[in-house]
There are 2 protein chains.
Amino acid sequence: MGATKTDHFTDNQNELAVLAKALGHPARIAIMEYLLKVDTCICGDIVNELPLSQPTVSQHLKELKSAGLIKGSIDGNSICYCINEPGLEKIKGFFEHISAHLEKKRNECC
Amino acid sequence: MGATKTDHFTDNQNELAVLAKALGHPARIAIMEYLLKVDTCICGDIVNELPLSQPTVSQHLKELKSAGLIKGSIDGNSICYCINEPGLEKIKGFFEHISAHLEKKRNECC
DNA sequence: TATATATATTGCAATATTACGATATTGTTT
DNA sequence: AAACAATATCGTAATATTGCAATATATATA
């Protein structure tokens, strides 16, 4: 036990869970907000923006990347990170889907 | 180590992370989808919909509830669960915020 | 009141996550 | 080539999560 039983759920459910989980840490929310705040893709610099060590930040970036929420491309000595739109749109779509449904059946229960 | 350093992040970042983390498991995505699929709040029945034991489902429901994504009210012998709109709107807002920003600066980088 | 039904809590084992020091890697600059 | 800079990986300790059997709690019904 201790391992998530991904086999028992649909691919879509697992994908959404992976995306949500990737954002389930304040440092990773902070990274997304920072990538949004700066006007262009940001090269370097991310470590200095967070109250965590360089290896820890590197690990968080790796998780965001493997979840498909950001992308990074090598630029000489440093790496440029950007928000990856498809990943973001997918999870945003999930919430909009729920929200639209709730709209329709408002006041029908509770 | 091993504990998230919540102190170093803003309240907003921590709140968003809590919401996202609550959805970071396929069983909890499945619960949300099921609550949405049925036409009214659902009383009982959730355990039978999931490939997990009753204690495990109860625990997942508790996590969704404490994160503010669902609410439950006692109805005699069973409990009626519903999606909690404020929690949902908060995290949905985060994604819409990002999406709106990306729209503006499309093609400016990457 | 006794029994059944629905949900929650406890306790515990297996696994995952978080964090960071030390070190490796890769590209840049002198 | 040597020294420097930025980022990644390894190893490991502390903590959290997942899952379930066993048990508890609370309401319903016979």
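Here is the naming used below: chain letters follow the sequence lines, and residue numbers restart at 1 for every chain.
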Assign [X] to base, sugar-phosphate, or nothing according to its heavy-atom contacts below 4.0 angstrom with the strands shown.
X	answer
Ile74(A)	nothing
Thr4(B)	sugar-phosphate
Gln59(B)	base
Glu63(A)	sugar-phosphate

Task: Pairing residues for Lys21(B) by the salt bridge (Lys or Arg N to Asp or Glu O under 4.0 Å) criterion, not counting sequence neighbours - done: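 Expected list: none.
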For atom [atom1] of [X] and atom [atom2] of [N], their distance in whole Å:
X	N	atom1	atom2	result
Leu52(B)	dA21(D)	CG	C1'	15 Å
Asp45(B)	dT7(C)	CG	C1'	14 Å
Leu61(B)	dT7(C)	CG	P	9 Å
Ile31(A)	dA19(C)	CD1	C1'	14 Å
Leu50(A)	dC20(C)	CG	P	11 Å
Lys71(A)	dT7(D)	NZ	P	18 Å
His8(B)	dC20(C)	NE2	C1'	13 Å
Ile79(B)	dA28(D)	CD1	P	12 Å

Task: Where Glu89(B) and Ser99(A) come nearest, the two heavy atoms and their spacing - done: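 Of all heavy-atom pairs spanning Glu89(B) and Ser99(A), the closest is OE2-OG, 2.9 Å.
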Is the distance from OP1 or OP2 of [N] to the nearest side-chain N or O of [X] less than 4.0 Å?
X	N	answer
Lys5(B)	dC20(C)	yes
His60(A)	dA19(C)	yes
Ser78(A)	dA6(D)	no
Thr56(B)	dC20(D)	yes

- [ ] Would you kindly confirm whether Val18(B) and Phe95(B) end up in one hydrophobic cluster when ILVMFWY residues are joined by side chain heavy atoms under 4.5 Å apart?
- [x]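 They do not share one cluster, since no chain of ILVMFWY contacts under 4.5 Å joins Val18(B) to Phe95(B).
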Of all the choices, [options], which nucleotide is nearest to the side chain of [X] once you look at every atom?
X	options	value
Gln54(B)	dC20(D), dT7(C), dT7(D)	dT7(C)
Asn77(B)	dT9(D), dC20(D), dT27(D)	dT27(D)
Ala3(A)	dT15(C), dT7(C), dC20(C)	dT15(C)
Pro55(B)	dA21(D), dT5(C), dA8(D)	dA21(D)

Open item on the list: What residues from residues 11-28 of chain B pass a heavy-atom cutoff of under 4.0 Å to DNA chain C?
Closed with: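 Result for residues 11-28 of chain B: none.
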Task: Complementary nucleotide of dC20(D), counting Watson-Crick and G-U pairs under 3.5 Å - done: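 WC or wobble partner is dG11(C).
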TODO: Using heavy atoms to find the nearest nucleotide of DNA chain D for Lys65(A) and Thr6(A) separately, return the residue whose nucleotide is more 5′.
DONE: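 By nearest-heavy-atom nucleotide position, the 5'-most residue is Lys65(A).
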Under 4.5 Å between any side-chain heavy atoms of [X] and [Y], yes or no?
X	Y	answer
Tyr81(B)	Ile31(B)	no
Ile83(A)	Ile98(B)	yes
His60(A)	His25(A)	yes
Ser73(A)	Ile79(A)	no

Task: Lys90(B) NZ to Leu88(B) CG distance, which is reported to the nearest 0.5 Å - done: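 Reported to 0.5 Å precision, the distance equals 13.0 Å.
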